[in-house]
Protein chains: 2
Amino acid sequence: MDLKTLDVFLDVARAGSFAAVAHARDLDPSSVSRAIADLETDLGVRLFQRSTRRLALTEAGDVFLGRVEPLAEELRRARDAAVQVSGAPRGRLRLTASVTFGQRCLLPRLPEFRRRYPDLALECLFTDANLDLVADRIDLAVRLAPAIEGDLVASKLMDTRYRVVAAPAYLDRSPPLERPADLQAHRCLRFTLGAYRTRWLFRDAQGAIETVPVDGDLTLSPAGALREAALLGLGPALLPDWLIDEDLAGGRLRQLFPGWAATATTFDTAAWAVYPSRAFLPQKVRVAIDFLRESLAAQASSK
Amino acid sequence: MDLKTLDVFLDVARAGSFAAVAHARDLDPSSVSRAIADLETDLGVRLFQRSTRRLALTEAGDVFLGRVEPLAEELRRARDAAVQVSGAPRGRLRLTASVTFGQRCLLPRLPEFRRRYPDLALECLFTDANLDLVADRIDLAVRLAPAIEGDLVASKLMDTRYRVVAAPAYLDRSPPLERPADLQAHRCLRFTLGAYRTRWLFRDAQGAIETVPVDGDLTLSPAGALREAALLGLGPALLPDWLIDEDLAGGRLRQLFPGWAATATTFDTAAWAVYPSRAFLPQKVRVAIDFLRESLAAQASSK
DNA sequence: TCCATTCGTGCATATCGTGCACGAATGACG
DNA sequence: CGTCATTCGTGCACGATATGCACGAATGGA
């Protein structure tokens, strides 16, 4: 049973004519005739009594019409409802990012986002666990990486950089840190993740890369905790710019080796908006991506 | 949008797997995958987020599911309702017959019919106008004719015969009526319709046909009125057996020329149940035909 | 009676649905 | 981490179905 056929049935019942409906729908009358005949066969019930000039609903046809007419309308509504949910910046958006990035870069932007899209409810899952977009029904993930692999679609929000920093008080009472290699004489504040614990990489203005072994008696996670330790003057730390830019500007932290790019993994990395598919992208996701890109870009360009 | 596709969608939403649904329905998984993809294209909305091991409804998919789930059930009900109306001896039956036949042969049978089929409402249109089955939405017509022509379906209920009759009092005071030709000396009671007004036909035991011109100063319609005139002794009348059998048995009328078959049109004629179509014949019509055939046949065999 | 319109059907063809084969991705398991 | 079974998506071929066209029969109006 085809919904188009049901619509044809409704039209024929109203018009009392196959030919009139065929004309209105730009179909051949034989198609309408057959569609109705097929529907009758499908149902096992005669819906119309026919003569060439007259068409009348049977009692069964009457009953079917009464039942089916509201349903056709409901189905249109079902479609419209689905389209509307998808097409409008409303509904519920499930967003995930790491704890620190979420709190540092996304949370402060929520008031403005809410102001712009008051019909859009946000569900933020800030976690350092790498949530599965399908299984956890995530609409949008913000991920920090040099690039995004796999089937997922990614849209770059902003570039990110790492810097080695330390508190002024730490620097005042410590041996000088003029070159990256000087770190080896210091107890560095290390991030929990693999490469961050053993060696940091530096690239100078000419592009030469230097690997510096690092060690220390403090390993921390998440990145926000590392920042706190650095602010407390516990040692040098390798931290992302978006986390410490304000501390640097406020003098609470100082950047070491400003002529060098620093990292523990890759020098070129970014924050990405990641979502499962481009096809039929709900509007709510679209506007969130655009908002974040715009907002974070504005932050980046003010450095 | 196909209802089968909607059912597949519902199954997939419940099972969270294309493959499982394909297996349950004995389909290839690619068919399920395509059906859902086509539905998404049709709607312009993504209903599921997919990974090979995981399938999750989108928010739009959720909304659509909630809307569509009750509709599938309602459509099944619509079909069932139509089938039920058609399949059961219930509902409303529109029946037509000529005034006289209706009152004489059908009306007395209504109590028994109602007793048998209490859920079946009868709408009887006894009229001498030849109603159109389609335009007037007649389920069943009882027609008196030698045969039924055209597209309509006819089922013979019983044979009918005409007889020339007169009241005993009329015969006592009139010239003798021993042969059909004797009618010419009498003022016959004539029926309004064409051939009944000018000549009656007689066929003897050997099959020889004699045409007798008839005349008189009284022309009547319907047949019941003609019968009344005959009972009043106003003259000889050509009347159908079903109308006068009881009068003959009660001696109120006498049959003339018993060795001859009489008619104004054709000698072999019958009462027919006529209905628009055999295809998907509603049960209510079926039982009415069967009832009338059985009941009228019983009347015929008791003569 | 004539004629325009309508429904139904045969036929040919275009379109669509579906199975099969296969590749890529996913997770569970050892 | 590697292996493997399972799952979804896609190309291809082919069968099934939908549809237009032509035409005949019937209907009703003039």
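These numbers come from the heavy atoms of this one structure, side chains and all, not from hydrogens, waters or symmetry mates. To find a chain, count down the sequence lines: A is the first, B the second, and so on, and within it residues start at 1.
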Under the side-chain hydrogen bond (donor to acceptor under 3.5 Å, both in side chains) rule, what do A:D268 and A:T266 come out as? Steps first, then yes or no, please. CA-CA 6 Å; A:D268 300 314; A:T266 55; over 6 Å; no
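- Between A:F48 and A:F9, the ring-plane angle classifies as tilted under the 30° and 60° cut-offs.
- The distance between atom CZ of A:F48 and atom P of C:dG8, rounded to the nearest whole Å, is 11 Å.
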Extract from the structure each pairing of a protein N or O with an N or O of nucleotides 16-18 of chain C at less than 3.5 Å, listing the distance.
unit_1, atom_1, unit_2, atom_2, d
C:dT18, OP1, B:K4, NZ, 3.3

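- Looking only at distances, a side-chain donor or acceptor of B:W272 sits under 3.5 Å from a matching main-chain atom of B:A145.
- Between A:D42 atom CG and D:dA18 atom P the separation is 10 Å, expressed in whole Å.
- When rounded to the nearest whole Å, the span between CD of A:Q49 and P of C:dC7 equals 14 Å.
- Counting only distance, with no hydrogens or angles, the side chain of A:R79 and the backbone of B:D42 share a donor-acceptor pair below 3.5 Å.
- Put simply, the side chain of A:E74 never gets that close to the backbone of B:R67: no donor and acceptor are under 3.5 Å apart.
- B:F18 has its CZ atom 13 Å from the P atom of D:dT7, to the nearest Å.
- Note on the helix from C:dT1-D:dA30 to C:dG30-D:dC1: angle between the axes of the first and last five pairs equals 40°, rounded to 10 degrees.
- Within the structure, every side-chain polar atom (N or O) of A:S33 is placed at least 4.0 Å from both OP1 and OP2 of C:dC7.
- Between the CG atom of B:L55 and the P atom of D:dC8 there is a distance of 6 Å, rounded to whole Å.
- Counting all heavy atoms, side chain and backbone alike, A:L106 lies closest to A:F126 at CD1-CE2, 3.9 Å.
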Provide a list of protein-nucleic acid N or O atom pairs under 3.5 angstrom, restricted to nucleotides 28-30 of chain D.
unit_1, atom_1, unit_2, atom_2, d
D:dG28, OP1, A:S51, OG, 2.9

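- In this structure, a donor-acceptor pair under 3.5 Å is present between the side chains of B:R293 and B:S155.
- How far OG of B:S33 is from CZ of B:R50: 6.0 Å, rounded to the nearest 0.5 Å.
- In terms of modelled atom types and a separation under 3.5 Å, the side chain of B:R143 and the main chain of B:V274 share no donor-acceptor contact.
- A donor-acceptor pair is defined here as one N or O able to donate and one able to accept, closer than 3.5 Å; such a pair exists between the side chain of A:D128 and the backbone of A:V99.
- The two residues B:T263 and B:T265 have their closest heavy-atom pair at OG1-N, 3.1 Å.
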